[in-house]
There are 2 protein chains.
Amino acid sequence: MPRESDKRERLLGAARRLIHERGFNQTSLADIATAAEVPLGNVYYYFKTKQALASAVISRQAQDFAQLEQDLAKIGDARSRIEGFLSMLLVNSAAIAAYGCPTGSLCTELNKTSSGISNQAEDLLQHQLDWLSEQFVALGKGEEAGELATQMLVQLQGASVLAHAFHDQTLLAQQIAHLRNWLNGQHASMSL
Amino acid sequence: MPRESDKRERLLGAARRLIHERGFNQTSLADIATAAEVPLGNVYYYFKTKQALASAVISRQAQDFAQLEQDLAKIGDARSRIEGFLSMLLVNSAAIAAYGCPTGSLCTELNKTSSGISNQAEDLLQHQLDWLSEQFVALGKGEEAGELATQMLVQLQGASVLAHAFHDQTLLAQQIAHLRNWLNGQHASMSL
DNA sequence: GTCTATATGTGGATAGAC
DNA sequence: GTCTATCCACATATAGAC
């Protein structure tokens with residue numbers, strides 16, 4: 001009876017890193033196998049196809065976001081929960097400036113191919129949007145909550161694109177700071 | 001003495017369209033040659049390498065933006081010039097929602113490869129940012145002009161990413177409308 | 001200038017020994 | 001479960017006839 005090994009985890013981790021850094025299409029299974037220190041042929045024991053591996057990577061990303069949600073749920077104040085989300089992005093701002101938003105850039109890439117897994121990446125982004133919307137509802141913005149959530153994600157994605165394009169982590173940090181200020185200006189009514 | 005043919009133009013046009021639709025890496029020279037109705041082997045008479053072709057595509061995009069700049073320069077009011085820029089994006093919103101911003105998504109993709117031409121795409125985006133900044137200077141925002149320009153491009157790129165990810169042209173149109181309102185609220189002082 | 005045929009390399013995926 | 005060797009499709013790029 002076969003013993004569990006951590007090869008699957010190593011492959012997943014390497015794939016996640018490399019897909020973020022180089023993009024899905026520019027990452028070969030050989031690259032991933034090498035980085036994970038797993039022989040190429042062995043990859044197919046754990047993942048039927050390259051797409052299946054990518055699919056597992058996106059699922060893992062979704063898991064991580066779900067974990068973050070869970071952690072943030074312990075915070076009583078919705079505004080603080082959103083701030084916690086922004087803080088997480090700030091912590092990752094170096095990687096985002098270097099390689100773009102892992103979710104956003106993957107969506108952009110996969111949406112240009114008929115990969116079938118593009119829906120999965122979309123769903124993850126939609127999930128983040130929904131979460132933000134819920135927080136704004138909790139902040140008392142009934143009608144506007146959806147628009148505010150969209151507004152925030154638009155800015156975060158845009159900031160990620162520009163920070164990546166210009167290799168400028170500062171730009172991203174400033175936009176996050178800007179959003180934090182904007183958020184704290186959101187009380188009863190607000191101007192989009 | 002060889003007569004001019006429009007093959008180069010056809011190749012450039014096909015490459016531009018296909019690279020926008022499918023991305024650079026997912027577009028083969030065979031695809032481009034077929035779309036342009038030019039035999040594959042003949043491509044290399046006009047472009048030494050695939051990179052050279054992509055480079056020409058970006059140059060063409062830069063040319064087109066320069067042309068737009070020139071047209072908008074005829075407008076006396078800076079606010080109207082910016083609105084003209086937004087109008088152009090609105091006209092193209094279907095294509096942007098379907099395939100992403102041609103400049104932004106190309107930057108994102110090329111920045112993940114060591115293609116050498118990624119600088120060219122960056123420069124084009126930077127050029128757009130500079131143009132916007134100049135318009136805000138003309139609007140009397142000396143100090144803030146750069147930040148306002150960044151703010152606007154961030155939102156446009158973010159809206160493009162989300163509209164593309166969600167296949168939602170409406171999202172992009174709404175964000176453009178939102179920016180138009182925001183712009184018309186920009187008079188003496190403003191709140192970022 | 002134009003086009004066919006092809007060289008060369010790489011990537012995803014499989015076969016099958018161990 | 002693990003790993004080597006390899007198949008096959010496709011992509012960039014070149015050779016060379018016309």
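Chain identifiers are assigned alphabetically (A, B, ...) following the order of the sequence lines, protein sequences preceding nucleic acid strands; residue numbering begins at 1 within each chain.
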* For DNA chain D, find the residues of residues 110-118 of chain A with a heavy-atom distance under 4.0 Å and give them by number; none if there aren't any. =>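 Residues of residues 110-118 of chain A under 4.0 Å from DNA chain D: none.
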
With [X], which residues qualify under ring pair (Phe, Tyr, Trp, His ring centres under 6.0 Å), at least two apart?
X	value
A:Y46	none
A:H164	none
B:F85	B:W131

* Asked: Can you check the B:L53 CG to D:dA13 C1' distance for me, whole Å?
  ->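 After rounding, the gap between these two atoms is 14 Å.
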
* Could you tell me the separation between the OH atom of B:Y46 and the C1' atom of D:dA13, rounded to a whole number of Å? => 18 Å

* **Student check: side-chain heavy atoms of B:W182 and B:M152 closer than 4.5 Å** =>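 Yes - at least one pair of side-chain heavy atoms lies under 4.5 Å apart.
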
Taking side-chain hydrogen bond (donor to acceptor under 3.5 Å, both in side chains) as the definition, give me every residue that meets it alongside [X], ordered by chain and number, with sequence neighbours left out.
X	value
A:D64	A:R16
A:T103	none
B:E122	A:H167
A:E83	A:N184

* Sequence-aligned protein contact record of nucleotides 3-18 of chain C, with B where the base is within under 4.0 Å of a protein heavy atom and S where only the sugar-phosphate is -> BB------SSBB----

